[in-house]
Amino acid sequence: MLNNKTRLFAILGCPIKHSFSSVMQNKWFEKEHLNCAYLAFEPKDYELECTIESLKKLKFNGFNITVPHKIKALKYVDVIDKNAKKIGSINTVIIKKNKLYGYNTDYLGFAKDLELKNVIIKNKKVIVIGAGGAARAILSALKTGNTQQIYIANRTLDKAIILAKEFKVKSIDINNVKDVLGNVDLLVNCSSCGMKKDDRLPFSFCKIKTSLIVYDLIYNKKTPFVKFAKDNKLKVFTGEGMLIWQGAYAFRLWTGKFPDVKIAEKFLKKFLKQGINV
Ligand code: NAP
């Protein structure tokens with residue numbers, strides 16, 4: 001039951017109506033019998049600073065940040081965790097004694113999901129498609145996993161070059177992906193390609209290993225990457241696991257305990273079928 005002692009949490013993103021996070025976090029609070037509530041807010045870019053300031057004034061205990069605010073929000077926290085600093089974005093904030101502490105749990109969520117799916121990256125060749133906020137977290141997770149080679153390709157080459165320099169990986173023109181894909185063990189789609197109906201695979205047909213694994217961060221659309229994997233009978237994973245685990249790590253930062261991930265899996269399936277009324 002909500003009352004005067006309810007601890008408040010939130011997610012800030014724009015758009016936010018499609019987000020599963022509030023369903024997931026509230027189910028977890030309920031399951032753990034915690035007097036907490038999690039709300040969703042949709043600040044525009046120019047409203048981000050005052051929204052964060054308001055959460056602080058209203059004594060919220062923490063919040064998540066999602067697209068498109070993960071990088072900008074760095075400016076508004078007092079302390080940034082060292083991994084989040086390296087990645088260059090935050091998705092989780094703890095508010096304690098009027099101070100804001102920023103973290104990134106996306107890279108943890110991705111690494112955990114790979115581990116649970118037995119996707120081995122040690123000594124493997126990986127290609128990352130996309131060079132936005134999510135790619136930064138994925139590169140960070142891959143770098144700590146002792147991969148043999150990481151390529152990054154992006155629709156806008158300049159952005160891939162910048163990220164490649166920062167993370168000490170190899171940038172590659174999206175039109176040349178076909179030249180290296182034959183040697184790659186894991187392809188991670190970190191781009192938004194597939195969110196729009198007419199989106200096409202950003203590289204042309206090429207030779208691939210039959211053991212190539214495709215991991216698409218997008219989980220709510222049949223993307224061209226998923227189709228490519230299915231057409232070629234490749235193993236393919238989509239971003240549900242990462243989504244749930246980044247939330248689980250955020251939950252642990254706020255409450256000190258890990259939530260029931262199975263419950264989230266069950267509700268995410270329903271959510272993807274039925275929308276918000278799960
Ligand atoms: P972002 O910062 O806006 O970056 C988007 C990236 O996608 C850019 O590199 C952009 O290329 C590229 N892109 C967009 N449309 C494209 C198209 N039609 N063809 C090829 N490339 C295209 O977004 P983000 O935060 O990195 O998120 C990327 C995706 O990952 C989103 O769809 C998001 O939902 C998903 N995601 C999932 C999880 C999860 O937990 N499963 C977590 C984070 C993100 P340009 O540089 O050329 O614009």
Side-chain angles (χ1 to χ4, degrees), residues 11-21 23-25 45 64-74 84 87-92 103-114 116-117 127-142 151-164 166-167 171-175 177 187-204 214-228 236-251 261 264-265 268 271-272:
I11 183 163
L12 311 181
C14 192
I16 202 62
K17 298 267 182 324
H18 68 285
S19 171
F20 175 62
S21 291
V23 173
M24 175 166 74
Q25 296 290 347
D45 205 45
N64 283 134
I65 302 147
T66 188
V67 181
H69 301 314
K70 288 185 193 181
I71 296 171
K72 195 173 183 195
L74 282 169
I87 293 167
S89 73
I90 51 173
N91 74 329
T92 303
Y103 300 86
N104 188 307
T105 67
D106 280 337
Y107 81 102
L108 293 171
F110 175 70
K112 184 72 184 175
D113 198 38
L114 285 188
L116 291 174
K117 292 184 161 109
I127 187 160
V128 168
I129 311 285
R136 305 183 74 89
I138 298 316
L139 285 174
S140 180
L142 293 171
Y151 301 101
I152 176 166
N154 187 47
R155 185 175 61 180
T156 310
L157 177 61
D158 285 358
K159 287 198 208 162
I161 292 174
I162 291 169
L163 242 62
E166 202 178 317
F167 285 87
S171 62
I172 172 162
D173 191 307
I174 197 89
N175 298 308
V177 166
L187 179 154
V188 188
N189 176 35
C190 303
S191 80
S192 306
C193 175
M195 292 304 288
K196 294 201 186 114
K197 226 174 81 195
D198 297 332
D199 283 345
R200 298 260 158 86
L201 200 65
F203 50 84
S204 50
V214 174
Y215 190 111
D216 195 331
L217 263 58
I218 298 175
Y219 57 86
N220 50 359
K221 298 269 189 296
K222 275 248 150 43
T223 70
F225 291 89
V226 172
K227 187 173 180 320
F228 162 77
V236 57
F237 299 111
T238 49
E240 293 91 330
M242 175 179 168
L243 171 78
I244 290 172
W245 278 100
Q246 63 74 33
Y249 281 104
F251 186 93
V261 163
E265 286 169 357
L268 179 55
F271 184 85
L272 292 175

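Counting starts at 1 for both ligands and their atoms, following the listed order. Just so we're clear, the structure is a prediction, and the values are computed from it rather than from any experiment. Index from 1, following the sequence.
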Polar proximity ligand 1 side, D106 side, N/O cut 3.5 Å exclusive:
no
Measuring from non-hydrogen atoms of K70 to any atom of ligand 1, is the shortest distance under 4.0 Å?
yes
Looking only at distances, please establish whether an N/O atom of ligand 1 is found under 3.5 Å from an N/O atom of S192.
yes
Which ligand 1 atoms are under 4.0 Å away from a heavy-atom of T156?
45 (P), 46 (O), 47 (O)
Atoms of ligand 1 close to K159 [distance to a heavy atom under 4.0 angstrom, numbered from 1]
45 (P), 46 (O), 48 (O)
Using the side chain to side chain donor-acceptor pair (under 3.5 Å) definition, which of the options D113, N189, T238 pairs with Y215?
D113
Counting C-beta onward and ignoring hydrogens, is there a side-chain heavy-atom pair between R136 and N104 closer than 4.5 Å?
no
May I ask you to check if ligand 1 and G130 share an N or O to N or O distance below 3.5 Å?
no
Any nitrogen or oxygen of V67, main chain or side chain, under 3.5 Å from a nitrogen or oxygen of ligand 1?
no
Is there any N or O on N154 that sits under 3.5 Å from an N or O of ligand 1?
yes
Decide whether an N or O pair under 3.5 Å exists between A134 and ligand 1.
yes
Evaluate I218 against F225 for side-chain contact (heavy atoms from CB on, under 4.5 Å), listing each step before the verdict.
CA-CA 10 Å; I218 298 175; F225 291 89; over 6 Å; no
Charged N-O contact under 4.0 Å between D199 and K221
no
If we only count N/O pairs under 3.5 Å, is G239 in contact with ligand 1?
yes
Mark up the atoms of ligand 1 that fall under 4.0 Å of a heavy atom belonging to Y219, in ascending order.
41 (N)
Based purely on interatomic distance, does D199 place a nitrogen or oxygen under 3.5 Å from a nitrogen or oxygen of ligand 1?
yes
Should one rank H18, R155, M242 by closest heavy-atom distance to atom 14 (C) of ligand 1, which comes out on top?
R155
Give me the nearest non-hydrogen protein atom to atom 37 (C) of ligand 1 as residue plus atom name, then the distance to 0.1 Å.
L217 O, 3.5 Å
